[in-house]
Structures are given as C-alpha cells and as structure tokens.
Amino acid sequence: MKRALWLALALAAAPAVASENLPYSFKANTANLASLQRGARDFMAYCSGCHSLKYLRYNRIARDLAIPEDLVQANLMINADKLGDTIRTAMPAAEAEKWFGRTPPDLSLSARERGADWIYSYLLSFYADPSRPRGVDNLVLPGVSMPHVLGELQGWQVKPEAKEGEDGHGEHHAAPLVLAQPGTMKPDEYKALVGDLTNFLVYAAEPGRNARMATGVGVLLFMLVFSGLAYLLKAEYWKDVH
C-alpha cells in the first residue's frame, strides 16, 4: 500500500518537475480558431510527411476549426481520399526505421503525454552538431533522431560552450542557444509558427476539450442557480416551523 502511494505521488509530480527544466513555456489557447487553422496548415505542410494523427479525422478538423470541407480537401488532405479518413502518413514504417533509426511516432496524444511546454521547447531547441548523423541535436531531447525539418525557417542555432559558474565552485551552467545563421523567418515569426503548431497538437490530443469545458461551465451555473432556488424553497417551507 505504501509503495503504491509513493508511486502515485511520483507519477503525479513527474510532469511538473520536467516542465521546470524546459527552456520555454507555452500557454495553449484552443479557442483561437485562427491559430488552430494555421497550425493545421503547417502540420500538414511540414510534419505529416513523417508523423500521423491517427485518432483525428479530416471532417472533424473541418467542423471544429470552421474550415469549409472543400478547402480541407484541396489543401490539407495530402494522404487521404475521404473526409472521414484519419490523418495518416505516407511514409512506410519499415523504411522510416532504416532512415531514422526508429519509426516516427504518431502525434495524436503527444500533447497529453508531453505537455504543450515540451512540444514548444522541443521545436525551438534544435542546434547544429556535426557529430550527429543528421547534423543536429536538441536541448530537450538529446540524441534526437529527427532532422530539423524547420531549419530553413528558423535558421541554424549553435550551442556555446558552458562557462564556469561565478561562485568559484567550478559549476557549469547550460548556455542558451545562439542563432548563427538566420532563416527565412524572423525569430518572432518562427516562434509564432511553433506556437500555432503546438496549439494545434493540443487541440488534436483532445478535440472535444472546448465543448467539455463549456459543458462544465454550464453545469456549474446550473448548480449555482439550483442551489439558490433550493435554499429559497427550503426557507419558504420551514418559515412557519418554530
């Protein structure tokens, strides 16, 4: 019993500890339809060649993101024929494992598993490393096998050598990444793109989140009104009882 309690506490604390060590934070807003629409566009353009969203259907995107179905078919359905299809990648799993050392994971639940902060930090934390097979590594996921597919947009960052701490104890601190070669986007523009992608993946992990939250607010309001009416009824019923 005691071991189970400690395990439950450790699992509950793990995501919070991990998020404290991430270089960036991101507050998702799945009510921002414009951001979700841009995120869907950019996911299909830059991510869907390797990654799938096997629990999300194109017609669900059309409905939730207020995108006309003809536009979804013309611009987002790269590897599908029907609006009812789920988002699959055309990359063969066996070939992908040969090329990258592992099959690129499905990202349907990545935001639930890792959190928005992790995804946002990961996409901002690639840096050049000639010793790696793909020429890059990542602060958030060292030894990453994924190439920096957004490198032309962000540019190429380098990791300066860590310096000794000023306290004289020889402690080394992680140095921030430095943009050595600019990309086609300005840093703020690239962060906005990564934010839209992160926002879309948060939505993809739970498409019904907004409806659930709206229902929850409605239920709380109903309970508040009902409690008030119940109190007034009680007061009226017992007013003549001494």
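In this text the structure is predicted, and so the values were computed from the model without any measurement. Below, all heavy atoms of this structure are taken into account, side chains as well, without hydrogens, waters or symmetry copies.
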Engineer: For R38, is there any backbone N or O sitting under 3.5 Å from a side-chain donor or acceptor partner on D196?
Structural biologist: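 A pair under 3.5 Å: no.
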Engineer: Do S108 side-chain atoms and Y55 backbone N/O form a donor-acceptor pair below 3.5 Å?
Structural biologist: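 Confirmed, S108 side chain pairs with Y55 backbone.
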Engineer: Has the side chain of D129 got a donor or acceptor atom that lies under 3.5 Å from a matching backbone atom of D137?
Structural biologist: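 Not a single qualifying donor-acceptor pair exists.
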Engineer: What distance separates Y120 OH from K191 NZ, expressed to the nearest 0.5 Å?
Structural biologist: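 These two atoms lie 5.5 Å from each other.
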Engineer: Does V136 form a side-chain contact (heavy atoms from CB on, under 4.5 Å) with Y127? I'd like the steps, not just the answer.
Structural biologist: CA-CA 5 Å; V136 293; Y127 63 92; over 6 Å; no
Engineer: If you count the non-hydrogen atoms of other residues, nucleotides and ligands that lie under 6.0 Å from CG in D188, is the total more than 12?
Structural biologist: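 Atom CG in D188 is not crowded, with 12 or fewer foreign heavy atoms closer than 6.0 Å.
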Engineer: One pair to check against side-chain contact (heavy atoms from CB on, under 4.5 Å): V225 and L221. What are the steps and the verdict?
Structural biologist: CA-CA 6 Å; V225 173; L221 290 175; 5.6 Å; no
Engineer: Using atom types as modelled, flag every donor-acceptor pair under 3.5 Å from a side chain in residues 147-157 to any protein atom, sequence neighbours excluded.
Structural biologist:
{"unit_1": "H148", "atom_1": "NE2", "unit_2": "Q154", "atom_2": "OE1", "d": "2.7"}
{"unit_1": "Q154", "atom_1": "NE2", "unit_2": "L124", "atom_2": "O", "d": "3.4"}
{"unit_1": "Q157", "atom_1": "NE2", "unit_2": "L124", "atom_2": "O", "d": "3.0"}
{"unit_1": "Q157", "atom_1": "NE2", "unit_2": "F126", "atom_2": "O", "d": "2.8"}

Engineer: Please say whether more than 12 non-hydrogen atoms of neighbouring residues, nucleotides or ligands are located less than 6.0 Å from CZ in R63.
Structural biologist: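 Atom CZ in R63 is packed in, count exceeds 12.
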Engineer: Decide yes or no for L197 and C47: does some side-chain heavy atom of the first lie under 4.5 Å from some side-chain heavy atom of the second?
Structural biologist: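 L197 vs C47: side chains touch.
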Engineer: Can you confirm whether L177 sits close enough to V158 that some side-chain heavy atom of one is under 4.5 Å from a side-chain heavy atom of the other?
Structural biologist: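 Side-chain contact under 4.5 Å: no.
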Engineer: Quick one: does T198's side chain get under 4.5 Å of W118's, heavy atoms only?
Structural biologist: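 Side chain of T198 against side chain of W118, heavy atoms only: no contact under 4.5 Å found.
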Engineer: Linking I/L/V/M/F/W/Y whenever any side-chain heavy atoms sit under 4.5 Å apart, do L36 and L109 land together?
Structural biologist: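 No.
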Engineer: State the CG-OH distance between L53 and Y203, to the nearest 0.5 angstrom.
Structural biologist: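 Result: 10.0 Å between the selected atoms.
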Engineer: Measuring from atom CZ of R114 to atom CG of D117, what distance do you get when rounded to the nearest 0.5 angstrom?
Structural biologist: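 Answer rounded to 0.5 Å: 13.5 Å.
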Engineer: Would you kindly confirm whether L33 and I67 end up in one hydrophobic cluster when ILVMFWY residues are joined by side chain heavy atoms under 4.5 Å apart?
Structural biologist: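 Linked within one cluster.
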Engineer: Are V202 and L22 grouped together when hydrophobic residues (ILVMFWY) are joined by side-chain heavy atoms under 4.5 angstrom apart?
Structural biologist: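 No: no chain of side-chain contacts under 4.5 Å links V202 to L22.
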Engineer: Applying side chain to side chain donor-acceptor pair (under 3.5 Å), run through N138 and S125 and close with a yes or a no.
Structural biologist: CA-CA 5 Å; N138 192 285; S125 297; 4.8 Å; no
Engineer: Which atom names give the shortest non-hydrogen contact between L179 and P182, and what distance separates them?
Structural biologist: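 Smallest interatomic distance, heavy atoms only, reads CD2-CA, 4.1 Å.
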Engineer: Testing the basics here: between L201 and A111, what is the closest heavy-atom pair and its distance to 0.1 Å?
Structural biologist: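 Reported closest heavy-atom pair: O-CB, 3.5 Å.
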Engineer: Quick one: are I61 and F200 in side-chain contact, heavy atoms under 4.5 Å?
Structural biologist: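 SC-SC contact between I61 and F200 confirmed.
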Engineer: Indicate yes or no for a side-chain donor-acceptor contact from H51 to the backbone of P104 under 3.5 Å, with no hydrogens or angles considered.
Structural biologist: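 Not confirmed, H51 side chain does not pair with P104 backbone.
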Engineer: Stepwise, does the side-chain contact (heavy atoms from CB on, under 4.5 Å) test hold for V72 with N59?
Structural biologist: CA-CA 8 Å; V72 172; N59 55 4; over 6 Å; no
Engineer: Could you tell me which residues satisfy side-chain contact (heavy atoms from CB on, under 4.5 Å) with E113, sequence neighbours excluded, listed by chain and number?
Structural biologist: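 Partners of E113 by the side-chain contact (heavy atoms from CB on, under 4.5 Å) criterion come out as none, since no residue qualifies.
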Engineer: When you look at N199 and S35, which way does the side chain to side chain donor-acceptor pair (under 3.5 Å) test go after all the steps?
Structural biologist: CA-CA 7 Å; N199 217 23; S35 172; 3.1 Å; yes
Engineer: Restricting to salt bridge (Lys or Arg N to Asp or Glu O under 4.0 Å), what partner residues turn up for R102, sequence neighbours left out?
Structural biologist: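 By the salt bridge (Lys or Arg N to Asp or Glu O under 4.0 Å) rule, R102 matches no residue at all.
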Engineer: Can you name the closest pair of heavy atoms from G143 and R132 and give their distance?
Structural biologist: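 Smallest interatomic distance, heavy atoms only, reads O-NH2, 3.1 Å.
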Engineer: If the condition is salt bridge (Lys or Arg N to Asp or Glu O under 4.0 Å), which residues does D64 pass it with, not counting sequence neighbours?
Structural biologist: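 Scan of D64 (salt bridge (Lys or Arg N to Asp or Glu O under 4.0 Å), adjacent residues dropped) gives R60.
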Engineer: Quick one: does N75's side chain have a donor or acceptor within less than 3.5 Å of a partner on L71's backbone?
Structural biologist: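 Yes, because the side chain of N75 sits within donor-acceptor range (under 3.5 Å) of the backbone of L71.
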Engineer: Show the nearest heavy-atom pair for residues P176 and P160, with the distance to one decimal.
Structural biologist: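 Reported closest heavy-atom pair: O-CD, 3.1 Å.
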Engineer: Test of understanding: with ring-ring contact (aromatic ring centres under 6.0 Å, His included), list the residues that count as partners of Y190, not counting sequence neighbours.
Structural biologist: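 In terms of ring-ring contact (aromatic ring centres under 6.0 Å, His included), with neighbours along the sequence ignored, Y190 is linked to no residue.
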Engineer: Tabulate below the donor-acceptor pairs under 3.5 Å that side-chain atoms of residues 83-90 make, not counting sequence neighbours, or state none.
Structural biologist:
{"unit_1": "D85", "atom_1": "OD2", "unit_2": "D81", "atom_2": "N", "d": "3.3"}
{"unit_1": "D85", "atom_1": "OD2", "unit_2": "K82", "atom_2": "N", "d": "3.1"}
{"unit_1": "T86", "atom_1": "OG1", "unit_2": "R88", "atom_2": "NE", "d": "3.1"}
{"unit_1": "T89", "atom_1": "OG1", "unit_2": "S48", "atom_2": "O", "d": "3.1"}
{"unit_1": "T89", "atom_1": "OG1", "unit_2": "G49", "atom_2": "O", "d": "2.8"}
{"unit_1": "T89", "atom_1": "OG1", "unit_2": "M91", "atom_2": "N", "d": "3.2"}

